[in-house]
Protein chains: 2
Amino acid sequence: MTRHDSRPLTLRDVSEASGVSEMTVSRVLRNRGDVSENTRKKVLAAAKQLGYVPNKIAGALASQRVNLVAVIIPSMSNMVFPEVMTGISRALEGTDLQPVVGITDYLPEKEEKVLYEMLSWRPSGVIIAGLEHSDASRAMLRAAGIPVVEIMDVDGMPIDTMVGISHRVAGEKMAQAIVEAGYKRIGFLGTKMPLDHRARKRFEGFTQVMAKAGIEMADQEFYSGGSALAKGRELTEAMLNRTPDIDFLYYSNDMIGAGGLLYLLEKGVDVPAQIGLAGFNGVELLQGLPRQLATMDACRSEIGRKAAEIIAERTTNPESDLPKKIEMTPVISFGDTLKR
Amino acid sequence: MTRHDSRPLTLRDVSEASGVSEMTVSRVLRNRGDVSENTRKKVLAAAKQLGYVPNKIAGALASQRVNLVAVIIPSMSNMVFPEVMTGISRALEGTDLQPVVGITDYLPEKEEKVLYEMLSWRPSGVIIAGLEHSDASRAMLRAAGIPVVEIMDVDGMPIDTMVGISHRVAGEKMAQAIVEAGYKRIGFLGTKMPLDHRARKRFEGFTQVMAKAGIEMADQEFYSGGSALAKGRELTEAMLNRTPDIDFLYYSNDMIGAGGLLYLLEKGVDVPAQIGLAGFNGVELLQGLPRQLATMDACRSEIGRKAAEIIAERTTNPESDLPKKIEMTPVISFGDTLKR
DNA sequence: CTGAAAGCGCTAACAG
DNA sequence: CTGTTAGCGCTTTCAG
């Protein structure tokens, strides 16, 4: 017997079909409380037979519990955030929490909008990229009364908890390695992104160490949009034409670094003797390149995992007092493009 | 005056703070119905002052309307689905609908689970990759009583509507071009993915045309996991060692194709005279390569856009009768790796 | 233009 | 182990 109206099924339908009270049906479907094996089977059979899918909207309203974790990140198109997501998903797999993603495109206003939208679903927690947010966003986050983990960056004050690396230190370390390798004429290539605070912090740490070593940036070049690999080529070519005595190129991400590397190899430049190169992120893609680009791992999946674990712990055990700051340590991999 | 309990704010709080009935507050916050400019201002001020964020759970339950579109895709880590997502987001921007993503990892059981999970939130529509689903999944989709758009593939029967390209035809077209270019000893390299039906359909179309031309596949090689670019190198090397007289390599995706291309160029192979190459997808990344890989655009963002438009149209106008099948036509770009 | 009453479909909290 | 009774916070509907 099939239903002929298309009204979605409710618990009541299952209750009637199985001859068991709504309450007990609910218990069976959620594996809560003791139910006799007999009625359990009856209910499950009826539910399956009808094709019943519970209504979480109603359940969430009644129980005041929503097993969703809002994850708010700037972008999905570079390699970095997908990997963070992987870490989050994996960490949440054992729990009954589910990640829901919102994208901000590095725009504070959009972040605010997305945040508002997500918070209106009353999630169990928020994982959000970065430490820089509009006042309104901070207020919402604080008022939400749920665990908030800010990720990727630890150079600043968290609203609640932060998990990440110090991009300032990352920039410093790379600068250190480059100085020690003896490079002198250094060019910087990166995205034209006033709102990418982490790239900015790396750049600041980098130039500061350089300055201490008495080295001033020889040249810089910025881009926006387009295929990063192609842009890497273009930027590199442009810079070498303008400043031919460059002996090191520091890229703000691995993708443009890879483009630069391919370009230089084609030109027959001796890497790293004539020109050294380094990127940032440690993306998997690099492994297919003819030469390994020097880079620095940003601990992406590690950060995702840890952030999710914190939300999970706080959700099950709100009293547990966890550290407000968890800092990972990025490590340089020298590859074949940075002398040691 | 600040509240000292951390109970989330409700409409009632705004109502009391503004001295306006809950109902009217609700009207103001949703821009529904006529409200005098005066009370509107009072309400808005109170809401903002308190930092009220509406509870969509309650709203959705009361109105029986959820402005969410479930998007179910196999993966986010290759370049293809992020671009579909971009198309969807853009198309939904004008509407009040919001995409929510679920990932299946190409696993039918996981697809079933994710689908169940999403449907329990009673979304306004579903966009799901592929035409192959478990019986249970099909049943759920049919029973949901909401618009369902299956995307990426049109070789099969849709549950409701399908938007995509024919992967069979895509394989055929590429085979045609390769045959016409005069290549004879052809190798296939792809993912070891019995569950990637679209790759399988391309392969079938490809071999069929080859067979008609009296050409049998000279060799094949499959991989799984790892960096696709690196895998492309390895597979290519392995195949050339085993079958040195190969004169064309057909890759099931651009990423491994790019790896193969880089490998061959390093080896000094004359591409495309000595060995021709082709991939599939038309990913942006290719533009940064030293040579343009022949490929075929899969119309990814176009498909996402169209699918979202259909959901939007059906949501606002349930009566509108739209075609059940929308087929896009993929076009070969010959690049520099396929003779013409 | 504004308000009061009655649920939406489920679950918490009690009773048995 | 099972059922009953009240809501969860909003919106629909119907009166003013």
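A note on names: the letters A, B, ... follow the listed sequences, proteins ahead of strands, and every chain is numbered from 1.
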Chain A footprint on DNA chain D, 5' to 3' - any atom under 4.0 Å from a heavy atom: D/dC1 to D/dG9
Modelled atom types, side-chain donor and acceptor of B/S26 and B/R30, under 3.5 Å: yes
Within the structure provided, determine whether A/I159 and A/R142 are in side-chain contact (heavy-atom separation under 4.5 Å). yes
Take B/R12 and B/E16, measure what salt bridge (Lys or Arg N to Asp or Glu O under 4.0 Å) needs, and give me the verdict at the end. CA-CA 6 Å; B/R12 165 173 231 112; B/E16 283 169 0; 3.5 Å; yes
Give me the bend of the helix from C/dC1-D/dG16 to C/dG16-D/dC1, using the axes of the five pairs at each end, rounded to 10°. 30°
Does atom NZ (A/K324) have a neighbourhood of more than 12 heavy atoms from anything else shown, all under 6.0 Å? yes
When you look at B/V126 and B/V149, which way does the side-chain contact (heavy atoms from CB on, under 4.5 Å) test go after all the steps? CA-CA 6 Å; B/V126 176; B/V149 181; over 6 Å; no
Check: A/R40/A/T24 side-chain N/O donor and acceptor closer than 3.5 Å: no
Carefully, step by step, assess B/H197 and B/D155 under the rule side-chain contact (heavy atoms from CB on, under 4.5 Å). CA-CA 10 Å; B/H197 295 97; B/D155 295 326; over 6 Å; no
Between CD of B/Q64 and C1' of C/dG7 the distance, given in whole Å, is 10 Å
Below 4.5 Å, heavy atoms only, C-beta onward: do B/I128 and B/E111 meet side chain to side chain? yes
Any side-chain N or O of B/S21 below 4.0 angstrom from OP1/OP2 of C/dA4? no
Would you say A/S137 and A/S134 are linked by a side-chain donor-acceptor pair, where the criterion is simply a distance under 3.5 Å? yes
A/E150 versus A/H133, side-chain donor and acceptor atoms under 3.5 Å: yes
Please list, pair by pair, any protein nitrogen or oxygen found under 3.5 Å from a nitrogen or oxygen in nucleotides 10-13 of chain C.
unit_1, atom_1, unit_2, atom_2, d
C/dC10, OP1, A/Y52, OH, 2.3
C/dC10, OP1, A/N55, N, 3.4
C/dC10, OP2, A/L11, N, 2.5
C/dT11, OP1, A/R30, NE, 3.4
C/dT11, OP2, A/S26, OG, 2.3
C/dA12, OP1, A/R65, NH2, 2.7
C/dA12, OP2, A/R30, NH1, 3.3

